[in-house]
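Right, one structure below, let's go through it.
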Amino acid sequence: MLCITLYEFLRALSNLLKVNKSFVLFLSLIFITKSLMTIGVTVASKIANIINKPNVLANLPTTTIKIIAAYAVKRAIITFFISLIMLSFVREMVKKMTKKIVHIDLNAFFAQCEINKDKSLLGKPIAIGSNGKRGVVSTSSYEARRFGVYSGQSMAEARSLCKNLIVIPGDYHLYSKESYNFFSYLKKRYKLIEQASIDECYIDMTDCIPDDITERDYLLDLQLSLYKYTNLKCSIGLGDNRFLAKMASDYQKPLGLTIIHRENIEEILWPIKISNMFGIGKKTAPKLGKLGIKTIGDLAKTNSSEVKSLLESYFDSAKAHANGYGDDIVDPSPFDPKSVGASRTFLDDTTDYDEVKNMIIYLSKEVSNELKKYHKLSSTCSLTIRNQDFVTHSKQLTLTMPTNDNVVIAQTALIILDRFWKQEPLRLVGVAMLQVFDEKEGYRQMELFSKENIVKPLIDSNETVENLLLEGKLKKASSVKKNKKNNDKNPSYKPFVGLEE
DNA sequence: TCTGGGGTCCTGCGGCGC
DNA sequence: TCTGGCGCCGCAGGACCC
């Protein structure tokens, strides 16, 4: 550890003095050798004083002094070379301790899938997304990007920027299949691989790149074989940690290959605009700009209290990232969701209760299916509504028993709707189950309750909520609250904590 | 031009129990 | 019996990512 600290100190010193590391190393060794010799002479004089022979050195014959001097020079030279060997050893050690994290990003992935399906689209400006009046661009081809068409943009604006834009509605089954093929190929080659989304992943390649091939050549070969076997183009970034790898893959697109080690952050990372730094979004970037932080290099060097108070707890990790430090763990375990949700924007804002209710029932089925797919349960249901002013509100309700049943989810979401919706026009509605956990864990918890509660279903899952409401098997929360006496007569099941009075 | 849909993580606030 | 301080936890909202 001491050796590593010394090495890091030398590196920092060379960065600070803006001189070559070898020069600093040379100066340091001269300084150390000279210090050791001075200490040696001082120690010799002290010993001479202790043994009451202060003139012992002066009384020595000239030949003896020459021999001692020659011996001292010999020792100094040996010390110099030993230090040199030790430092190169430390260097190697630090190099070995540094990980090689790779980030692979599929370029304009959805657009590539569409082009592979229909070759006539090759070279044309295309955008994936809904063509409706409220559609937005999900992905655009590089030809469309030249017209200023980007993800997140409204389709109306995209069409106005690029008159020949070909709009394609998304085929998410196709994209999932292509993504599966691409990452399956990589998973066969690498053990430590973490899929971060449908079109990107991190791989720990620390022990994968052979010594007799450069990192660049190895990754270039990988990039070509990925294209050969999957017909998909990707950008690859290699760094000492996840942050550097991610920034490296973003550096050049399409088909980019960038390597960022801590040693070269000043040339590659620091000139990048702060708005392009991973973790700094469109809200924070302008605020940082006003404080004089225009590039990642500015953030790396700042100690401004204003920047600290703006970024709060994120300041330390953001500054560490800007200086080339960060998390280098790649977790290969499969995706384990913490929440599952579904939401839809209405074609037109609505105040129609039935329209909102039907949408909630539809979304609850989607959420239920996803929970079942991952074998998950949850006790927390959340309803999100967005009004015509684009203001979003969400409310939660906690159930006494965890569930993944679509009817119970719909029932809960409708109760929240009844309690909080003031009948203002709605733009969007969303249903989500939060803090989800494994079914096995859920059943262990349920065993704490009576067996009757576990085996007796509340209602038949195949029935629709509308029918249940009509038949009186299911009641709106509002009616339950008004009819408290009836509710008290039948206290067999109280699914909602939030409704207990 | 007028803003989708799926997530994660963090923060502030308020309720609650000790 | 009342009150303040403290920590915990649930909730709502915001920012960020793809």
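It should be emphasised that the depicted structure is a prediction, and the values quoted were computed from it without experimental measurement. No hydrogens, no waters, no symmetry mates; every other heavy atom, side chains included, goes into these values.
- No contact: Q153(A) has no heavy atom under 4.0 Å from any strand.
- Nearest nucleotide to the T398(A) side chain, out of dG7(B), dA12(C), dG10(C): dG10(C).
- At the phosphate of dG6(B), OP1 or OP2 sits under 4.0 Å from a side-chain N or O atom of S343(A).
- If you check every strand for non-hydrogen atoms under 4.0 Å, V340(A) touches sugar and phosphate atoms only.
- The aromatic rings of F243(A) and H321(A) lie parallel to each other, their planes meeting at an angle below 30°, with 60° marking the opposite boundary.
- The CD1-P distance, from I198(A) to dG5(B), rounds to 16 Å in whole Å.
- Stacking of F390(A) onto the six-membered ring of dT3(B) is present: less than 5.5 angstrom between centres, less than 30° between planes.
- In this structure, the nucleotide among dC9(B), dG13(C), dC18(C) sitting nearest to the side chain of K338(A) is dC9(B).
- Ring pair F110(A)/Y172(A) is perpendicular by interplanar angle, where above 60° counts as perpendicular and below 30° as parallel.
- Candidate nucleotides dT1(B), dC16(C), dG4(B) were compared by shortest atom distance to the side chain of T345(A), and dG4(B) ranks first.
- Distance from the side chain of H393(A) is smallest for dG13(C) among the nucleotides dC16(C), dG13(C), dT1(B).
- The side chain of A156(A) has dC2(B) as its nearest neighbour among dC2(B), dT11(B), dG5(B).
- With distances taken from any side-chain atom of S313(A) to the nucleotides dC10(B), dG4(B), dG7(B), the minimum falls on dC10(B).
- Backbone-only engagement by R134(A) is indicated by non-hydrogen atom pairs under 4.0 Å involving sugar-phosphate atoms exclusively.
- Listed candidates were dC16(C), dG13(C), dG6(B). Nearest to the side chain of A342(A) is dG6(B).
- Looking at heavy-atom distances under 4.0 Å, L161(A) makes no contact with the nucleic acid at all.
- With distances taken from any side-chain atom of V136(A) to the nucleotides dC16(C), dG4(B), dC11(C), the minimum falls on dG4(B).
- Minimum atom distance to the side chain of E312(A) is reached by dT11(B), of the listed dC11(C), dT8(B), dT11(B).
- Distance from the side chain of T284(A) is smallest to dA15(C) among dA15(C), dC18(C), dC11(C).
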